[in-house]
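The structure presented is a predicted model; accordingly, all values stated were derived computationally and were not measured. All heavy atoms count here, side chains included; hydrogens, waters and symmetry mates do not. Just so it is clear: chains get the letters A, B, ... in the order the sequence lines come, proteins before strands, and each one is counted from 1.
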Amino acid sequence: MKVFGKQYWWPADTQDEIIIGAILTQNTAWQNVEKAIENLKKVGLCSLDKIRNAPQNTIEDLIKPSGFYKQKSLYLKEIANFFKDFNENTDTLNFRKSLLNIKGVGLETADSILLYAFSRPIFVVDAYTKRFVERKKLFYSLEYHKVQQFFMHNLPQDVELYKEYHALIVKLAKTFCRKKPNCKECPIRCA
DNA sequence: CACCAGGAATGTA
DNA sequence: TACATTCATGGT
């Protein structure tokens with residue numbers, strides 16, 4: 001029985017837009033990321049090739065709404081250079097290692113890119129996921145890789161399922177909020 | 001006014 | 001390994 005439909009959680013026109021969004025969304029509300037991406041699109045810079053050849057301060061100005069703009073403009077340059085000579089024909093684990101060597105790409109960002117931009121079967125773990133595991137007492141450890149393995153060992157290895165599962169956890173966090181009524185059963189945010 | 005958002009790098013012990 | 005600090009804008 002299908003209860004939930006697709007969440008369309010990572011809306012993007014292109015693969016590059018997903019990768020760019022993965023950097024810009026670090027510790028930032030998605031609403032602000034949308035503004036930054038819109039700015040990039042307006043001037044035709046929402047692609048890794050264009051970003052690689054654009055002046056640093058131009059990128060900074062365009063992505064300011066998403067915060068941390070000095071760091072993130074550098075990170076976008078770094079990841080744009082990485083994908084210039086990248087051969088996608090590699091196994092997921094080596095791909096992951098390569099991504100983690102890029103300055104500005106940590107565990108969550110690397111896995112988000114693998115899953116959402118390249119459809120690799122990797123389960124994304126974020127702060128919400130850990131709180132969910134903690135409060136529902138699903139698993140004894142909150143360490144990134146252990147939580148990730150917990151889900152990957154207990155779910156079918158299905159890319160679309162991983163995408164939707166992560167989206168639903170985030171949606172759960174957004175749905176229940178202490179600022180709204182009926183917040184006592186919140187499994188993620190409210191203590 | 002404080003707190004948080006679809007984190008990661010860097011420094012300290 | 002385990003924390004603390006820094007980065008910065010915008011919404012609530």
Side-chain angles (χ1 to χ4, degrees), chain A residues 4 6-12 15-40 56-82 96-120 122-135 140-148 151 159-160 162-183 186-191:
Chain A
F4 297 108
K6 275 186 175 296
Q7 297 299 310
Y8 298 104
W9 188 66
W10 203 306
Q15 184 180 48
D16 280 9
E17 187 179 333
I18 297 177
I19 295 168
I20 292 166
I23 296 296
L24 296 183
T25 196
Q26 290 171 1
N27 200 40
T28 301
W30 185 253
Q31 190 175 357
N32 294 333
V33 177
E34 288 181 315
K35 295 175 185 171
I37 288 181
E38 189 57 34
N39 287 342
L40 290 171
Q56 188 91 14
N57 54 22
T58 300
I59 305 298
E60 288 184 7
D61 289 338
L62 294 169
I63 68 172
K64 266 182 183 173
S66 63
F68 307 102
Y69 57 88
K70 290 184 180 177
Q71 288 183 0
K72 288 178 178 177
S73 61
L74 172 64
Y75 295 167
L76 288 176
K77 286 283 191 180
E78 296 278 331
I79 205 165
N81 284 326
F82 170 80
R96 194 176 190 273
K97 284 182 184 175
S98 301
L99 287 172
L100 290 172
N101 282 330
I102 305 169
K103 191 182 300 275
V105 178
L107 293 170
E108 185 181 340
T109 303
D111 289 340
S112 294
I113 291 171
L114 288 170
L115 180 63
Y116 288 99
F118 291 90
S119 293
R120 300 295 182 113
I122 286 283
F123 194 89
V124 176
V125 175
D126 64 349
Y128 292 146
T129 309
K130 290 183 180 180
R131 273 187 260 169
F132 183 61
V133 168
E134 181 184 15
R135 296 187 185 178
Y140 71 95
S141 172
L142 295 181
E143 193 237 328
Y144 190 97
H145 287 102
K146 292 194 175 183
V147 172
Q148 183 175 52
F151 283 104
V159 168
E160 293 307 314
Y162 289 173
K163 288 182 181 177
E164 293 306 304
Y165 206 114
H166 178 63
L168 285 169
I169 287 177
V170 176
K171 184 179 181 181
L172 195 56
K174 291 175 181 292
T175 302
F176 294 93
C177 176
R178 82 196 81 177
K179 300 185 179 77
K180 296 176 183 176
N182 188 22
C183 195
C186 178
I188 295 182
R189 299 187 91 167
C190 311

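- For Tyr75(A), no side-chain nitrogen or oxygen approaches OP1 or OP2 of dA8(B) to under 4.0 Å.
- Residue Tyr165(A) is tested with Trp9(A), Tyr128(A), Phe132(A), Phe123(A) for a ring-ring contact (aromatic ring centres under 6.0 Å, His included); the sole match is Phe123(A).
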Using a cutoff of under 3.5 Å, can you pull out all pairs of nitrogen or oxygen atoms linking the protein to nucleotides 11-13 of chain B, with atom names and distances?
none

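- The interatomic distance linking Tyr144(A) (OH) with dG6(B) (P) rounds to 16 Å, in whole Å.
- Taking atom CG on Asn27(A) and atom C1' on dC7(C), their separation rounds to 9 Å, with Å as the unit.
- One P atom belongs to dA4(C), the other to dC3(B), and the distance between them is 16 Å to the nearest Å.
- Classified by interplanar angle (parallel below 30°, tilted 30° to 60°, perpendicular above 60°), the ring pair His166(A)/Tyr116(A) is tilted.
- Within the structure, every side-chain polar atom (N or O) of Tyr116(A) is placed at least 4.0 Å from both OP1 and OP2 of dG6(B).
- Between Lys103(A) and the phosphate of dT10(B), there is a side-chain N or O to OP1/OP2 separation shorter than 4.0 Å.
- The P atoms of dA8(C) and dT10(B) are separated by 14 Å, rounded to the nearest whole Å.
- Using a 4.5 Å heavy-atom threshold, the side chains of Leu99(A) and Phe82(A) count as touching.
- The nucleotide whose nearest atom lies closest to any side-chain atom of Gln26(A) is, among dA8(B), dA8(C), dG10(C), dA8(B).
- If you check dT9(C), dG6(B), dC7(C) against the side chain of Trp10(A), the one that comes closest is dG6(B).
- At the phosphate of dG6(B), OP1 or OP2 sits under 4.0 Å from a side-chain N or O atom of Lys174(A).
- Ranked by how close their nearest DNA chain B nucleotide is to the 5' end, Gly106(A) and Asn32(A) are led by Asn32(A).
- Looking only at distances, no side-chain donor or acceptor of Thr25(A) sits under 3.5 Å from a matching main-chain atom of Gly21(A).
- Within 4.0 Å (heavy atoms only), Glu108(A) reaches sugar-phosphate atoms of the nucleic acid but no base atom.
- A 4.5 Å side-chain heavy-atom check between Gln148(A) and Asp111(A) finds at least one atom pair inside the cut-off.
- Side-chain atoms of Lys35(A) lie closest to dG11(C) of the nucleotides dG7(B), dC7(C), dG11(C).
- Set against dA8(B), dG11(C), dA8(C), the side chain of Thr109(A) has dA8(B) as its closest nucleotide.
- Look at the C1' atom in both dA2(C) and dG6(B): the space between them is 25 Å, to the nearest Å.
- Remark: the backbone N or O of Lys72(A) is not paired with any side-chain donor or acceptor of Gln26(A) at under 3.5 angstrom.
- Between Asn101(A) and Ser98(A), the side chains place no donor N or O within less than 3.5 Å of an acceptor N or O (distance only, hydrogens not considered).
- Ring stacking holds between Trp30(A) and dG6(B), with the centres under 5.5 Å apart and the planes within 30 degrees of each other.
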